[in-house]
Protein chains: 2
Amino acid sequence: MRIGQLAQETGVSVRSLRYYEQQGLISPIRQENGYRDYSPLTVHTVEAIKLYLNLGLSTEQIAGFLTCVLRNKEAFCAEIMPVYEKKLAEIEAQIQQLTQIRSNLLDRIAAFQAERAGKPDE
Amino acid sequence: MRIGQLAQETGVSVRSLRYYEQQGLISPIRQENGYRDYSPLTVHTVEAIKLYLNLGLSTEQIAGFLTCVLRNKEAFCAEIMPVYEKKLAEIEAQIQQLTQIRSNLLDRIAAFQAERAGKPDE
DNA sequence: ATAGACCTTGACATCAATGTCAGGGTCAAG
DNA sequence: CTTGACCCTGACATTGATGTCAAGGTCTAT
């Protein structure tokens, strides 16, 4: 299968497929004319990549366990847990920071409105 | 006051002070030798900039109301409310997205551990 | 006059996945 | 043989505040 078809079947752009290859996530063989030639199984690989990217993982992190999860169930791949836990910690830190900013914004909006309401003609 | 002293008094790097100037947030006059010359009042300006940056606002947004809030109370500056509200909406969207990812991560971690525990010697 | 602390401008690097363009090859159908 | 759809590589842009370096000017104290 050529790259255009893979792109169409997975909904991933040709550009991104080449990028995933550059990051070591997929390794198509080459036809005689230089075109990339993908196994039909690569569709599943790309779907997996999409899934992990949607979890906020980087291509580098995905590269660390992708081979394993493609051959086994996730539970068999010990490499994946530290990644999940690291990402979870990052996400929670970000949520906390955003929540703090949100709180500050709400305070300032409230103060703004209180001052306008309380002193309408000062 | 020269840039080094302003940096020291505000805890903001010399690099950032120049950047704020480039973004139109501060406008020091120049000494005869070309050195930037800041009014002592600029310390307050920079403190305000720090505050708004910490709320997640961009220098461009800050530029839109900084002159007003330096002369008046915030409640007097109508320009600021749309900015606060836009930022609040962005923050809440981000929190929601991160919360969704967090939920997905927790699900996968739980599934991982359940599979290991449930089938320890499969 | 020289060292050293301070200032200047300009430029590149950061982070990461993706879009987009340029310049050029391949191939099948007409 | 030409058109058009598809492919290739390589490169720059995006986003935004900040770090850092280069090359050089200023000024003070020795």
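Below, chain A is the first sequence line, B the second, and so on; all start at residue 1. When reading the values below, keep in mind they use all heavy atoms of this one structure, side chains included, and skip hydrogens, waters and symmetry mates.
- OP1 or OP2 of dC8(D) lies within a sub-4.0 Å distance of a side-chain N or O belonging to Arg36(A).
- For Tyr20(A) and dT18(C), the shortest distance from a side-chain N or O to OP1 or OP2 is below 4.0 Å.
- Around CD of Glu60(B), the count of heavy atoms belonging to other residues, nucleotides or ligands within 6.0 Å does not exceed 12.
- Between the CD atom of Gln23(A) and the C1' atom of dA16(C) there is a distance of 9 Å, given to the nearest Å.
- Residue-to-nucleotide proximity on DNA chain D shows that, of Arg15(A) and Ser16(B), the 5′-proximal contact is made by Arg15(A).
- Residues Gln5(A) and Glu32(B) each lie close to DNA chain D; by heavy-atom proximity, the contact nearer the 5' end of the strand is made by Gln5(A).
- Within 6.0 Å of CD in Glu90(A) there are more than 12 heavy atoms belonging to other residues, nucleotides or ligands.
- Ring orientation note: the planes of Tyr84(A) and Tyr52(A) are tilted relative to one another, at an angle of 30° to 60°.
- An OP1 or OP2 oxygen of dC27(D) is reached within less than 4.0 angstrom by a side-chain nitrogen or oxygen of Asn33(B).
- Between dG16(D) and Thr59(B), no contact under 4.0 Å exists linking OP1 or OP2 to a side-chain N or O.
- One can place CD1 of Ile3(A) at 14 Å from C1' of dT18(C), the figure rounded to the nearest angstrom.
- Within 6.0 Å of CD in Glu47(A) there are more than 12 heavy atoms belonging to other residues, nucleotides or ligands.
- Listed nucleotides dT18(D), dC8(D), dA17(D) differ in distance to Ser58(B); the shortest reach to its side chain belongs to dA17(D).
- Between the CG atom of Asp37(B) and the C1' atom of dT26(D) there is a distance of 15 Å, given to the nearest Å.
- Look at CD1 on Ile49(A): it is 11 Å from P on dA17(C), rounded to the nearest Å.
- Remark: the Arg18(B) side chain and the dT8(C) base include no donor-acceptor N/O pair separated by less than 3.5 Å.
- A residue-by-residue look at Glu21(B) and Arg2(A) shows that Glu21(B) has its nearest nucleotide of DNA chain C further toward the 5' end.
- No more than 12 heavy atoms of other residues, nucleotides or ligands shown are found within 6.0 angstrom of NZ on Lys86(A).
- Between Gln94(A) atom CD and dC15(C) atom P there is a gap of 16 Å when expressed in whole angstrom units.
- Annotation: of the two residues near DNA chain C, Tyr35(A) and Leu57(A), the 5′-most nearest-nucleotide partner is Leu57(A).
- Checking the phosphate oxygens (OP1, OP2) of dT18(D), no side-chain nitrogen or oxygen of Tyr19(B) falls inside 4.0 Å.
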